[in-house]
Amino acid sequence: MYSFYRFVGICSFILFTQILFAQTSSELLDSLKTELSKAEKAEDRSLILSELTWYYVPVSQDTAILFGEENIEVAKSIGDPVMLAQAYSDLGYANMEKGELIEARKNYQEALKLRYQTGDSTKIYGTITNLGSVYQRDFQSDSAMVNYLKALSFFERTGNDRNADFVRNNIGVIYLEMRNYPKALEIMQEVAEYRKAQNDDFNLAHTLVNIGNINKNLKEFENAEKNYLEALQIFQAEGGSDYYTATTFNNLATLYNAQGKSDLAISYAEKGLVLAEQVGADYDYALIESNLAKSYHDLKDYPKSREYYLRAVEHFKTQNAEDDIASMYLLMSPVYAALNMPDSSAYYTSAYVDLNKKLTEQEIQQLTTDLETRYQSEQKDAAIARQQLELRAKNFQVYGSLVLAVVLGLVGYLLYSQQKLKNRQLTQEGELKIALAQIDTQNKLQEQRVLISRDLHDNIGAQLTFIISAIENLKYFDPIKETLTHRYDSIANFTKQTITELRDTIWAMNSGQITLGQLSARISDYLERAGISTLGINFEFEVDKSLDPNFSMVSSEGIQIYRIVQEAIQNSLKYAYPSQIMVSVAQVGEDFQLEIKDDGTGFDESTIKPGNGLYNMRKRAEELGGKLEIGSETGKGTSVTLLIPKA
């Protein structure tokens, strides 16, 4: 599940850089660029480009990637596998910090191939650690843990305490992601003590952030705030740490959101947004936007919340961060519900289900592919081992058997992990479907209640108005039996039609699609009935012949258009005293245009108090995705124009 805070402390090229990041500054970057402009030998250029790639990551990730790509071309021209492996590793680090995980994994795998050729064990296991970091960022905790345990075993065995410390930190982050907070806290406290003893403040700050994350999840908010602020102080004191300062601002915003301190959360998130944009941290920028959306949602500022969610989705799309996009869809659904936009709410709920299903399938496929790749790799290693055993003395046979046993054990463990993951995902998917079905049912019931309530007001109220108007007109007729009989029959028929219109509403709610021809027929019938019930008023109806009568629309849209016609005509009859009412349907550009025009008294909209009629017409137009324009001038009649996109 998506988390508003970003785990930090995943070590990458930190393991192997020649100079600690804490020593970086704008002066160092300027100095390196000056040296690059003077370097003539390709070897010197590659070394400088390597340093520039690394040190630009927290300053401008886009710039770091450009230097990294240039370094690969330079290293290829040299033909030195050691320098080319380092170039791929540097670029992989920049890709990972920018959130380009596919490219990061590709570059680290290229580096690993070259380092196996050169036989540098420290660099080999360092790259294995880096690949673990990529898997961890991609929420593939099983694959990450396998890589970390391999690397940790090597570093502990060779006495490389510093690199072992970084791997332990990353393992602690995995336990944090798995919500095993006691184990995560135990490891992180051990890492923090080591870094304090080494006076490694910069990396200590990363650990403090992770400990703050643990405190937050344990609802120890005061401890979390203390650790975040201590880390923030270190990052702000270090030159060139804008990137990590931005992520810490976001962590503080998440903490304050969890405490319901939305205004304070917004303050820190906005600071983080500025820094993330400056350093080109697109993925973190999207994370901060989603945090701001959460803050505004809690403040019930739903339009602002929707704005930030939509922006976050667009930025996550550029990063191919589908897990985060799915989470945004789920969080956007209640925002649209609060905005009284049930269709949009249902759309994002459905989009979340579809995307989550796709991601589950991809995760299973990727796990299977990784498993097959590892199995083939281990099979090749086993084959090589058997060939060597044939050439060596008998005492190596036991060692070969142990290697094979480890391989088989690893394959069995991975198969078991895959099945366990699949079962867990199937269970979660079933629970999610049940919950979403309940939400969908509630949304549909609410929508039907709103439609029925409004239609009873608009439709039945309109029909009764006709009846009352007809009865009032009878007062001005001589009591001639034939005339009265005809009038009363008309009123009776029109009253019966009221029941028919109510049935129309129910029909529209249950029908799937209606055609333009069916809608036109209903409008025409309505105008004919109106003409019978109101003497002295000429009703006309025109439909542009270029329109396809078989063009279909959702029935709920058709009934919305029909109600706007009714409401406009009733307003005209009640207030304008017209002698002619004209209804026309035409196509204007890419839009449908429906116009209701009369030659009545007209009005000045600025001088009247809008009633339910005008409000409902505008509301219906908005739900259709169209625009309602009302033009009127005293003594010159009124026109109501509805423009609806055809598509």
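Excluded from the calculations below are hydrogen atoms, water molecules and symmetry mates; all remaining heavy atoms, backbone and side chain alike, are included.
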Would you call the rings of Y296 and Y308 parallel, tilted or perpendicular, taking 30° and 60° as the class edges?
parallel

T34 side chain to D30 main-chain N or O, any donor-acceptor pair under 3.5 Å?
yes

Return yes when atom CG of L149 has more than 12 non-hydrogen atoms of other residues, nucleotides or ligands closer than 6.0 Å, and no otherwise.
yes

Applying ring pair (Phe, Tyr, Trp, His ring centres under 6.0 Å), can you list everything that pairs with Y175, at least two apart in sequence or on another chain?
none

Check whether the side chains of E225 and Y256 place a donor and an acceptor atom closer than 3.5 Å, and report yes or no.
yes

Centroid separation under 6.0 Å, is that true for the rings of H315 and Y283?
no

One thing to verify: whether R137 and E97 come together as a salt bridge, which I'm taking to mean a side-chain N less than 4.0 angstrom from a carboxylate O.
yes

How long is the straight-line distance from CG of L273 back to CG of L292, given to the nearest 0.5 Å?
6.0 Å

Are the side chains of Y268 and L255 in touch, meaning some heavy atoms are under 4.5 Å apart?
no

So, S333 side chain and Y348 main chain: donor-acceptor pair closer than 3.5 Å or not?
no

Partner residues of R45 under the side-chain hydrogen bond (donor to acceptor under 3.5 Å, both in side chains) criterion, sequence neighbours left out:
E70

Can you establish whether the number of heavy atoms outside Q233 located under 6.0 Å from its atom CD is more than 12?
no

If you count every heavy atom of other residues, nucleotides or ligands that lies below 6.0 Å from K271 atom NZ, does the total exceed 12?
yes

Looking at OG1 of T254 and CD of Q259, how far apart are the two atoms once the value is rounded to the nearest 0.5 Å?
11.5 Å

Can you tell me how far apart CG (L176) and CG (N170) are? Round to the nearest 0.5 Å.
12.0 Å

Hey, is R162 close enough to D200 for a salt bridge, meaning N to O under 4.0 Å?
yes

Take H206 and Y244 through the test ring-ring contact (aromatic ring centres under 6.0 Å, His included) and record every step on the way to the result.
CA-CA 9 Å; H206 288 295; Y244 300 108; 4.7 Å; yes

Determine, step by step, whether Q86 and D90 satisfy the side-chain hydrogen bond (donor to acceptor under 3.5 Å, both in side chains) criterion, reporting the C-alpha distance in whole Å, the side-chain angles of both residues, the deciding distance to 0.1 Å, and the verdict.
CA-CA 6 Å; Q86 188 62 57; D90 294 340; 3.0 Å; yes

Tell me if a side-chain donor or acceptor on T53 pairs with a main-chain N or O of L49 at a distance below 3.5 Å.
yes

Would you say S50's side chain and S46's backbone share a donor-acceptor pair under 3.5 angstrom?
no

Look up atom CD in E193 and atom CG in L204, then write down how far apart they are to the nearest 0.5 Å.
9.5 Å

Salt bridge (Lys or Arg N to Asp or Glu O under 4.0 Å) pairs touching residues 152-161, sequence neighbours excluded, are E156-R168

Would you say the side-chain atoms of N107 pair up with the backbone N or O of E103, donor to acceptor, closer than 3.5 Å?
yes

How about Y108 and N95: does a side-chain donor come under 3.5 Å of a side-chain acceptor?
no

Non-neighbouring partners of D282 that pass side-chain hydrogen bond (donor to acceptor under 3.5 Å, both in side chains), sequence neighbours left out:
K98

Using modelled atom types only, decide if a donor and an acceptor are shared between the side chain of S77 and the backbone of V74 within a distance under 3.5 Å.
yes

Please list, chain by chain and in numerical order, all residues satisfying side-chain hydrogen bond (donor to acceptor under 3.5 Å, both in side chains) with Y88, sequence neighbours excluded.
none

Tested for side-chain contact (heavy atoms from CB on, under 4.5 Å) against E51, the lone hit among L36, L32, N71 is L32

Under the 3.5 angstrom rule, does the side chain of D138 hit a backbone N or O of Q140 as a donor-acceptor pair?
no

Is the backbone N or O of N203 less than 3.5 Å from a side-chain atom of R195, with the two atoms forming a donor-acceptor pair by type?
yes

Could you check whether any side-chain N or O of N257 sits under 3.5 Å from a backbone N or O of K294, counting only pairs where one atom can act as donor and the other as acceptor?
no

Rounded distance [0.5 Å steps], OH in Y125 versus OG in S153
7.5 Å

Using distance alone, with no hydrogens and no angle criterion, decide if Y181 and N217 have a side-chain donor and acceptor under 3.5 Å apart.
yes

Ignoring hydrogens and geometry beyond distance, is a side-chain donor-acceptor pair present between N250 and D284 at under 3.5 Å?
no

Assess the pair F235 and Y243: is the distance between their ring centroids shorter than 6.0 Å?
no

Looking only at non-hydrogen atoms, find the nearest pair between A246 and L275 and report the distance.
CB-CB, 3.7 Å

Trace of the side-chain contact (heavy atoms from CB on, under 4.5 Å) decision for Q136 with S141:
CA-CA 5 Å; Q136 187 171 352; S141 298; 5.8 Å; no

List in chain and number order the residues that pass side-chain hydrogen bond (donor to acceptor under 3.5 Å, both in side chains) with Q61, two or more places apart in sequence or in another chain; answer none if no residue qualifies.
none

Evaluate the side-chain contact (heavy atoms from CB on, under 4.5 Å) criterion for residues I266 and S295: first the C-alpha distance (whole Å), next the side-chain angles of each, then the deciding distance (0.1 Å), finally the verdict.
CA-CA 6 Å; I266 290 171; S295 300; 3.4 Å; yes

Point-to-point distance, once rounded to the nearest 0.5 Å, from CG of N130 to OH of Y93
10.0 Å

